[in-house]
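Per chain, numbering begins at 1; letters A, B, ... match sequence-line order. Just so it is clear, the values below take in all heavy atoms, side chains as well, and ignore hydrogens, waters and symmetry mates.
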There are 4 protein chains.
Amino acid sequence: MQEKIQDKKAAVLQATLELISEQGFHATPMSQIAQKANIGVGTIYRYFPSKEDLINSLYIQVKSRLAQFVFKNYSENMPVRRSFIILLRSIVDYFIENPKEFLFMEQYANSPMITVATRQEGLRMFEPASKLFIRAKEETLLKDLPMEMINTLAFGATKALVNLYLFSEVKPDSATLDKGVEAVWDTIRR
Amino acid sequence: MQEKIQDKKAAVLQATLELISEQGFHATPMSQIAQKANIGVGTIYRYFPSKEDLINSLYIQVKSRLAQFVFKNYSENMPVRRSFIILLRSIVDYFIENPKEFLFMEQYANSPMITVATRQEGLRMFEPASKLFIRAKEETLLKDLPMEMINTLAFGATKALVNLYLFSEVKPDSATLDKGVEAVWDTIRR
Amino acid sequence: MQEKIQDKKAAVLQATLELISEQGFHATPMSQIAQKANIGVGTIYRYFPSKEDLINSLYIQVKSRLAQFVFKNYSENMPVRRSFIILLRSIVDYFIENPKEFLFMEQYANSPMITVATRQEGLRMFEPASKLFIRAKEETLLKDLPMEMINTLAFGATKALVNLYLFSEVKPDSATLDKGVEAVWDTIRR
Amino acid sequence: MQEKIQDKKAAVLQATLELISEQGFHATPMSQIAQKANIGVGTIYRYFPSKEDLINSLYIQVKSRLAQFVFKNYSENMPVRRSFIILLRSIVDYFIENPKEFLFMEQYANSPMITVATRQEGLRMFEPASKLFIRAKEETLLKDLPMEMINTLAFGATKALVNLYLFSEVKPDSATLDKGVEAVWDTIRR
DNA sequence: CATGAATGAGAATTCATTCAT
DNA sequence: CATGAATGAATTCTCATTCAT
């Protein structure tokens with residue numbers, strides 16, 4: 001029984017992800033989500049109090065899956081540079097495998113529809129990454145720039161790599177992506 | 001008279017930018033745009049066939065203004081590195097001065113509402129920048145990466161700098177931004 | 001077991017009375033009734049075929065309780081005036097003690113949701129009162145007005161007394177209510 | 001132009017009155033009101049911000065019309081009893097001529113949908129009646145009962161007369177109604 | 001040309017009722 | 001028997017677009 005419930009909730013989230021990543025939130029009626037999830041419209045409201053809530057839940061789910069994937073092979077017992085490269089490459093890999101999640105994140109990460117609380121919950125999942133940056137700083141491996149800027153530059157460039165892979169006409173191969181990730185390291189390393 | 005017409009068109013675009021950058025496209029009714037532009041709702045339709053068209057026009061306008069600003073002080077008769085730094089720093093400056101345009105661009109640059117044609121028209125305005133990258137490549141100053149990746153990395157990181165300035169709690173000063181821009185150069189330089 | 005069943009049925013009716021008298025019929029979902037009655041939604045439908053049926057049943061119940069209370073101390077072996085005063089005063093007393101039932105009656109007595117059949121069944125319970133009016137008429141104690149008008153005036157004024165007690169800021173004491181009831185008698189007495 | 005606007009607003013109010021008095025508020029969708037008023041659904045919202053607002057406006061309109069009718073032939077330069085009889089008879093006449101307004105008032109006068117402010121605005125229109133009661137009291141023509149009870153009894157009985165006329169099978173003729181109104185006077189006169 | 005009243009398709013959401021467990 | 005998850009018809013309200021003035 002419990003499984004069935006989770007099934008429906010998951011189906012709604014999956015349908016929402018697929019539709020919203022392509023059409024956008026406002027161009028995606030609840031009725032369409034219901035149809036794609038093979039359930040009745042009213043059923044969505046058993047699991048999510050409102051459309052806004054639904055998208056916030058989806059945000060959490062995507063962030064959580066990303067975190068799980070990214071930190072699976074991640075260990076703190078590695079040299080900073082290697083940890084860093086693996087981390088970023090994992091992000092790239094995850095989004096390359098899950099382009100809809102990337103599209104969704106790009107569109108909604110900064111949207112006013114995602115509440116502050118949701119965003120904070122999402123941030124908490126990436127604390128290991130923050131620790132890594134702190135370690136790197138302590139080892140004076142990084143440029144003398146504000147931590148926040150280091151962060152922003154690194155993730156901004158990483159997202160750009162994903163963007164390139166997903167939308168450019170000639171997709172870089174894995175080795176080229178590796179070089180790309182190393183270029184990102186060059187951005188912030190001293 | 002011709003001026004008057006341009007006045008109204010401009011007023012509509014300006015109102016749209018302000019409202020849409022804060023509320024989003026779907027949360028901004030045409031009636032509100034008309035009100036802010038001090039004209040009647042029907043009048044908007046004399047200048048823009050539809051709401052979608054209006055937003056595409058706005059996209060072009062913003063890109064065009066950015067290009068104008070960025071290439072004003074730009075010359076091809078400078079060393080590559082210097083040209084590059086100036087170029088990126090101009091982008092940062094423009095968006096710092098015009099946060100609404102940045103917000104708008106971040107939200108709609110990848111939105112399905114912007115047509116392919118519009119996007120291409122926007123790209124054409126930045127051809128001088130493409131030339132710069134080609135020149136850099138010829139001078140073997142850049143990493144051995146696909147041109148497109150170089151491009152993406154550079155602009156992705158640059159946008160990240162703007163983002164940081166606009167939304168982080170401690171805004172970097174001009175010197176720090178310069179260092180940031182130089183870090184972006186490190187991303188792509190050989 | 002039979003008691004249990006009656007328990008549930010009674011719980012539903014009680015919950016309905018409380019919720020509907022305050023929120024109104026359409027503002028009271030079946031789910032809320034079920035919750036207040038501590039049963040499942042589906043269970044309501046074992047006892048009442050539909051929401052409309054439920055409210056009709058409640059109407060009968062309230063009328064029936066009122067009749068029981070009113071005719072408990074009522075006897076036909078009293079002078080007409082006294083019988084009459086006691087009758088009306090009982091009605092006032094009942095509703096003062098059961099304001100929710102009054103609210104319910106005021107709202108639904110004339111509602112199109114109460115069927116003609118239900119209304120008639122409710123009327124039948126007050127036949128002793130009709131007899132009293134006939135007796136009064138025969139004893140020429142009443143004004144020379146149509147029986148129905150006598151009736152309507154008397155009960156209309158009585159309901160007004162209850163209304164006053166329940167909703168005015170200064171509630172009349174028992175003695176004043178007695179005087180009020182006597183005033184009602186003045187309305188119809190010759 | 002101004003007339004046209006008033007036409008539509010009036011048409012909406014009239015349609016609302018007719019539908020709501022027979023079906024009730026919640027059983028009357030906005031679409032039905034629009035249809036009966038021969039306008040589009042959206043047009044209703046140009047004149048009334050919400051369905052609740054619409055019903056409050058209707059309440060004011062009905063009360064206002066009643067007041068206008070009732071106080072047309074009313075003068076303070078008449079003996080109290082005569083003033084009183086005329087007043088009540090006018091109320092009876094108005095509602096007999098406008099049964100839908102009566103039905104509406106009976107259903108919504110005490111409904112939580114009518115706001116306190118609306119109710120107060122409605123009360124203000126009947127101040128001449130309040131004055132009459134005060135004058136009667138000063139001339140010691142009334143029973144020694146609280147003013148509010150006097151009021152409630154009189155209007156409660158009057159409404160009962162209307163009810164009788166509208167819904168009983170044998171309608172009282174005008175002379176009988178006069179006697180009915182006089183009986184109401186007996187209710188409160190000393 | 002400019003206007004904004006009018007329109008109705010379409011959106012989110014609710015809730016009476018059913019029925020598998 | 002009792003339950004409450006599932007359903008989708010129905011409701012209120014919004015808003016892009018049109019068009020008479």
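Here E:dA11 presents its P atom at 13 Å from CG of A:Leu19, a figure rounded to the nearest Å. The separation between A:Asp53 atom CG and E:dT13 atom C1' is 14 Å, rounded to whole Å. Rounded to whole Å, atom C1' of E:dA12 lies 14 Å from atom CE of A:Met113. The distance between atom OH of A:Tyr47 and atom P of F:dG4, rounded to the nearest whole Å, is 14 Å. Atoms NZ (D:Lys9) and P (E:dA5) sit 13 Å apart, rounded to a whole Å.
Without hydrogens or angle criteria, B:Thr43 side chain to B:Ile39 main chain gives no donor-acceptor distance under 3.5 Å.
Of the candidates F:dT3, E:dA12, E:dT17, E:dA12 carries the atom nearest the A:Lys51 side chain, counting heavy atoms from C-beta on. When the nucleotides F:dA16, E:dA2, E:dA6 are ranked by their closest atom to the side chain of B:Arg46, E:dA2 comes out on top.
Ring geometry for B:Tyr108 versus B:Phe25: interplanar angle over 60°, hence perpendicular rather than tilted (30 to 60°). In this pair, C:His26 and D:His26 present their aromatic rings parallel. The plane angle is below 30°, not in the 30 to 60° band.
Relative to the ring axis of A:Phe48, A:Lys9 places its NZ or CZ within 45° and under 6.0 Å from the centre. Figure legend: cation-pi geometry between B:Lys159 and B:Phe102 absent, as NZ or CZ is not positioned both under 6.0 Å from the six-membered ring centre and within 45° of its axis.
Contact check, A:Lys8 against F:dA5: no side-chain N or O comes under 4.0 Å of OP1 or OP2. When the side-chain nitrogen and oxygen atoms of A:Tyr45 are compared with OP1 and OP2 of E:dC15, none of them lie within a distance under 4.0 Å.
Looking at B:Gln68 and B:Met125, their side chains never come closer than 4.5 Å, going by heavy atoms from C-beta outward. Looking at B:Thr28 and B:Thr16, their side chains never come closer than 4.5 Å, going by heavy atoms from C-beta outward. Using a 4.5 Å heavy-atom threshold, the side chains of D:Leu13 and D:Leu54 count as touching.
When the nearest nucleotides of DNA chain E are assigned to D:Gly42 and C:Ser50 by heavy-atom distance, the more 5′-ward of the two goes with D:Gly42. The nearest heavy atom of DNA chain E to B:Ile44 and to C:Glu52 marks one nucleotide each, and the one closer to the 5' end goes with B:Ile44.
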If a pair means Watson-Crick or G-U wobble with both distances below 3.5 Å, what does DNA chain E look like in dot-bracket form, with | marking bases paired to a different strand? .||||||||||||||||||||
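Listed by chain and residue number, nothing satisfies the side chain to side chain contact (heavy atoms under 4.5 Å, CB included) test with A:Pro112 (two or more places apart in sequence, or in another chain).
Near DNA chain F, meaning a heavy atom under 4.0 Å away, the residues from residues 24-40 of chain D are D:Thr28, D:Pro29, D:Met30.
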